[in-house]
Amino acid sequence: MTEAVHHQKSTRRRRTQAVLAGGIVLGIGAAVTLATWSDSEFAEGIFGSGSFNLEGSTDGGSYSDHPTEDAAATLSFSADSMIPGETVYASLSVRLDEDTTVGGTIESDDGIAVVESEGDNLDHLSYTVYADPQSCSAGEASTGDAVASGSDLSEGVGSDTTISLSTGSGDSAGEPVMLCFAVTADPDDLQQSGSTNVIWQVTATSSES
């Protein structure tokens with residue numbers, strides 16, 4: 001065998017060995033990739049909402065919901081035969097019910113408002129609403145804070161006083177707040193044998209926290 005032929009064979013052998021070596025390296029590299037591990041953690045969030053409900057009572061004892069104008073509570077005014085200058089009184093106690101989970105307020109600017117009214121003496125009857133008087137009667141109604149008023153029964157004006165509403169503890173409702181509605185007939189201008197109806201809306205707003 002000539003030296004040139006021997007050199008060619010040696011060169012092919014080295015190339016073959018190099019290819020095999022490369023194949024072995026590739027095989028090892030693939031085995032390392034397949035041997036990787038992974039693991040995960042999962043987190044779940046559960047979100048429940050609280051409750052906020054205002055209820056009212058015209059006798060201070062039996063509370064229920066009056067959520068619409070059609071279901072409005074009937075205030076107990078002694079107003080069947082009003083005369084000029086007379087003032088009549090009726091109370092509505094409000095509170096947050098036992099399922100309420102957050103306190104709230106009745107806002108001073110629009111928390112108590114006339115939403116519907118009609119009748120013969122609409123323009124001849126004025127009103128004032130007092131919060132937490134000693135009693136809802138002549139001489140004592142004004143011991144409460146004046147929280148709303150109207151020069152007639154077609155609209156109303158708020159005050160600077162905001163009424164706070166608290167939640168109860170355990171299965172108890174919140175502390176009630178008495179609202180005393182005082183309606184006064186115009187001393188100089190009241191139509192005889194007239195009939196007038198008005199519906200007020202009391203709106204409570206939940207606290208932010």
Side-chain angles (χ1 to χ4, degrees), residues 53-97 100 103-119 121-168 172-187 190 194-205:
N53 185 56
L54 186 72
E55 58 183 4
S57 170
T58 58
D59 61 10
S62 300
Y63 285 83
S64 60
D65 288 331
H66 308 91
T68 66
E69 294 178 28
D70 291 338
T74 301
L75 298 177
S76 300
F77 289 107
S78 296
D80 294 335
S81 301
M82 292 186 71
I83 60 175
E86 182 182 8
T87 300
V88 293
Y89 304 87
S91 67
L92 176 71
S93 295
V94 294
R95 69 183 187 184
L96 299 178
D97 72 7
T100 295
T105 57
I106 298 173
E107 297 299 325
S108 58
D109 54 350
D110 60 357
I112 302 172
V114 173
V115 293
E116 183 179 320
S117 58
E118 61 180 357
N121 283 304
L122 189 64
D123 298 330
H124 310 306
L125 295 169
S126 60
Y127 76 92
T128 302
V129 182
Y130 300 95
D132 266 343
Q134 293 178 5
S135 70
C136 189
S137 60
E140 293 193 340
S142 60
T143 60
D145 294 320
V147 292
S149 62
S151 58
D152 57 40
L153 292 181
S154 62
E155 59 183 1
V157 179
S159 71
D160 295 329
T161 301
T162 296
I163 302 169
S164 297
L165 299 168
S166 62
T167 58
S172 299
E175 189 70 21
V177 174
M178 179 196 289
L179 301 176
C180 179
F181 292 77
V183 177
T184 301
D186 191 311
L190 186 69
S195 177
T196 304
N197 297 80
V198 60
I199 295 177
W200 287 277
Q201 181 176 4
V202 179
T203 302
T205 304

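These figures come from a predicted structure and were not determined experimentally.
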Drop me the distance from [X]'s [atom1] to [Y]'s [atom2], to the nearest 0.5 angstrom.
X      : Y      : atom1 : atom2 : result
Leu54  : Thr205 : CG    : OG1   : 10.0 Å
Asp97  : Ser64  : CG    : OG    : 11.5 Å
Ser159 : Glu107 : OG    : CD    : 10.5 Å
Leu165 : Thr100 : CG    : OG1   : 9.5 Å
Thr143 : Asp132 : OG1   : CG    : 9.0 Å
Gln134 : Met178 : CD    : CE    : 10.5 Å

Stepwise side-chain contact (heavy atoms from CB on, under 4.5 Å) check, Leu92 with Thr58: CA-CA 5 Å; Leu92 176 71; Thr58 58; 4.2 Å; yes
side-chain contact (heavy atoms from CB on, under 4.5 Å) evaluation trace for Phe181 with Cys136: CA-CA 8 Å; Phe181 292 77; Cys136 189; over 6 Å; no
Heavy-atom distance under 4.5 Å between the side chains of [X] and [Y], does that happen here?
X      : Y      : result
Val198 : Tyr127 : no
Ile163 : Leu179 : yes
Met82  : Leu125 : yes

Non-neighbouring partners of [X] that pass side chain to side chain contact (heavy atoms under 4.5 Å, CB included), sequence neighbours left out:
X      : answer
Thr74  : none
Glu175 : Ser166
Pro67  : Asp65, Ala71
Thr184 : Thr87, Ser126

Smallest separation among heavy atoms of [X] and [Y], with atom names:
X      : Y      : answer
Leu96  : Gly104 : CD1-N, 4.1 Å
Cys180 : Ser137 : SG-N, 4.5 Å
Asn121 : Gly194 : ND2-CA, 4.0 Å
Ser78  : Val88  : O-CG1, 3.2 Å
Ala141 : Tyr89  : CB-CE2, 3.7 Å
Ala182 : Tyr130 : CB-CE1, 4.2 Å

Trace of the side-chain contact (heavy atoms from CB on, under 4.5 Å) decision for Leu153 with Trp200: CA-CA 10 Å; Leu153 292 181; Trp200 287 277; 4.2 Å; yes
side-chain contact (heavy atoms from CB on, under 4.5 Å) between Ile106 and Val147, worked out: CA-CA 9 Å; Ile106 298 173; Val147 292; over 6 Å; no
Pairwise salt bridge (charged side-chain N to carboxylate O under 4.0 Å, His left out) hits with a residue in residues 139-165, at least two apart: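 Checked against salt bridge (charged side-chain N to carboxylate O under 4.0 Å, His left out) - neighbours excluded - no pair reaches residues 139-165.
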Listed partners of Asp59 passing side chain to side chain donor-acceptor pair (under 3.5 Å), at least two apart: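 With sequence neighbours excluded, Asp59 shows a side chain to side chain donor-acceptor pair (under 3.5 Å) to Ser57, given in chain and number order.
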